[in-house]
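Everything on this sheet refers to the single structure shown next.
Each residue takes its place number in the sequence, starting with 1. We use all heavy atoms of the structure for the numbers below, so side chains are in, but hydrogens, waters and symmetry mates are not. For ligands, and for the atoms within them, numbers begin at 1 and follow the listed sequence. Here the structure is a predicted model, which means the values were calculated and not measured.
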Amino acid sequence: MPLPALSTTAVDGFAPWKRGKVRDIFDLGDRLLIVATDRLSAFDVVLPDGIPDKGKVLTQVSAFWFNRLGHIVRHHLLSTAREAFPEPFRARPDLFAGRSMLVRKTTPLAVECVVRGYITGSGWNEYKQGGAICGIVLPAGLQESQQLPEPLFTPTTKADVGVHDESITFAQVEDLVGTVLAKQLRDLSIRLYSEGAAYAETRGILIADTKFEFGLDGDGTLVWIDEALTPDSSRFWPLDSYRSGVSQPSFDKQYVRDYLVSLHWDKRPPGPALPQNIIDTTAQKYRDALRLLTGLSL
Ligand SMILES: Nc1ncnc2c1ncn2[C@@H]1O[C@H](COP(=O)(O)OP(=O)(O)O)[C@@H](O)[C@H]1O
Ligand SMILES: [Mg+2]
């Protein structure tokens with residue numbers, strides 16, 4: 001039986017340096033301990049109910065990809081093994097084991113590097129309105145969920161808590177980080193997506209789109225940070241039921257988003273409570289994603 005959802009972590013005398021929507025982050029000097037809780041955020045609002053084991057799935061999936069795609073770019077992951085964590089974290093496996101990553105601390109760049117291989121979600125909405133995504137004009141007549149002629153880099157701002165990320169053009173990325181770094185971000189994001197998606201397809205999962213984050217370390221080296229091709233940062237679709245022209249079932253929080261849309265909630269906090277069957281089904285979808293992709297179970 002899975003444990004109840006873990007919504008927050010705290011240990012005596014060590015408050016998190018930062019709480020993101022999903023992760024609690026502890027500052028260890030030149031390193032961070034990033035703890036994926038079971039919180040679920042949808043439409044940028046953290047819901048009152050967590051999804052049991054979700055944080056463990058996210059951490060295991062991220063570790064899998066950092067190891068598999070580490071030849072493309074330097075990444076931040078140092079270890080997910082509890083033995084590598086300092087005290088007081090090592091002594092609390094109930095809170096930290098299996099869901100925490102010891103990482104290099106960087107200065108995050110203020111761009112979310114979205115890559116889309118298929119047209120869906122906000123990209124589909126933008127395309128229907130103006131035939132383009134992030135200023136990139138696309139061929140006419142694309143269908144919902146169709147594979148794009150090639151993966152697109154469709155960056156967004158990295159908004160503060162409570163504010164929605166907004167899509168920006170490549171020229172705006174150049175303004176934010178400079179032309180050299182902007183091109184590096186685009187090329188690396190597309191390469192990480194392409195290699196990741198090709199592998200996932202051999203495991204029966206289509207990665208429709210995803211979001212990467214990068215940071216700069218002390219000597220200015222670009223580092224791939226945050227999470228890696230997880231069901232929170234990506235849309236995972238089952239390959240065997242894929243067809244274009246309709247929206248797809250998924251192995252990720254799209255299932256919860258669809259439920260929330262059916263409630264006509266105004267997408268402002270506080271979010272609604274989730275029925276037990278939605279929690280259970282979502283938890284199973286996350287575990288299925290891990291098992292399918294990596295062959296691992298929790
Ligand atoms: N190696 C790193 N160095 C510095 N910051 C990082 C690193 N990896 C991830 N982060 C930051 O930690 C946070 C992760 O927590 P998360 O719950 O995903 O936050 P958010 O609500 O901003 O998405 C993000 O703000 C991310 O930019
Ligand atoms: Mg995040």
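- In the hydrophobic clustering of ILVMFWY residues, with side-chain heavy atoms under 4.5 Å counting as a link, Leu192 and Leu293 come out together.
- Counting only N and O atoms by type, the side chains of Gln147 and Ser244 include no donor and acceptor under 3.5 Å apart.
- Ligand-side atoms of ligand 1 in range of Val103: 1 (N), range being under 4.0 angstrom from any heavy atom.
- The shortest heavy-atom distance from Pro108 to ligand 1 is under 4.0 Å.
- Counting heavy atoms under 4.0 Å from ligand 1, residue Arg19 does not touch it at all.
- Using a 4.0 Å cut-off between heavy atoms, Glu227 makes no contact with ligand 1 at all.
- Two rings, from Phe212 and Trp224, have their centers less than 6.0 Å apart.
- Val103 and Leu77 get closest at one heavy-atom pair: CG1-CA, 4.2 Å.
- Close contacts between ligand 1 and Val22 involve ligand atoms 17 (O) [criterion: under 4.0 Å to a heavy atom].
- When heavy-atom distances to ligand 1 are checked against a 4.0 Å cut-off, Arg23 comes that close through both its backbone and its side chain.
- Counting non-hydrogen atoms of neighbouring residues, nucleotides and ligands closer than 6.0 angstrom, the CG atom of Asp12 reaches no more than 12 such neighbours.
- Atoms of ligand 1 lying under 4.0 Å from any heavy atom of Lys158, numbered from 1 in the order shown and given with element: 22 (O), 24 (C), 25 (O), 27 (O).
- Side chains of Asp232 and Tyr286: a donor-acceptor N/O pair is present below 3.5 angstrom, by distance only.
- In the vicinity of Gly20, heavy-atom distances shorter than 4.0 Å reach the ligand 1 atoms 16 (P), 17 (O), 19 (O), 21 (O).
- Here is the list of ligand 1 atoms found below 4.0 Å of a heavy atom in Glu213: 26 (C), 27 (O).
- Of the N and O atoms on the side chains of Thr154 and Arg116, at least one donor lies less than 3.5 Å from an acceptor on the other residue.
- If you look at Ile34 next to ligand 1, the close heavy atoms, those under 4.0 Å, all belong to the side chain.
- Within ligand 1, the atoms closer than 4.0 Å to a non-hydrogen atom of Leu32 are 2 (C), 3 (N), 4 (C), 5 (N), numbered from 1 in the order shown.
- For Lys105, no nitrogen or oxygen atom sits less than 3.5 Å from a nitrogen or oxygen atom of ligand 1, counting backbone and side chain alike.
- Between Phe89 and Phe26, a ring centre-to-centre spacing shorter than 6.0 Å is recorded.
- Shown in contact with Ile25 at under 4.0 Å from a heavy atom are these atoms of ligand 1, numbered in order with element: 12 (O), 13 (C), 14 (C), 15 (O).
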(message) Determine whether Lys105 and Asp217 satisfy the following criterion, salt bridge (charged side-chain N to carboxylate O under 4.0 Å, His left out), listing intermediate values before the conclusion.
(response) CA-CA 7 Å; Lys105 183 155 98 185; Asp217 73 5; over 6 Å; no
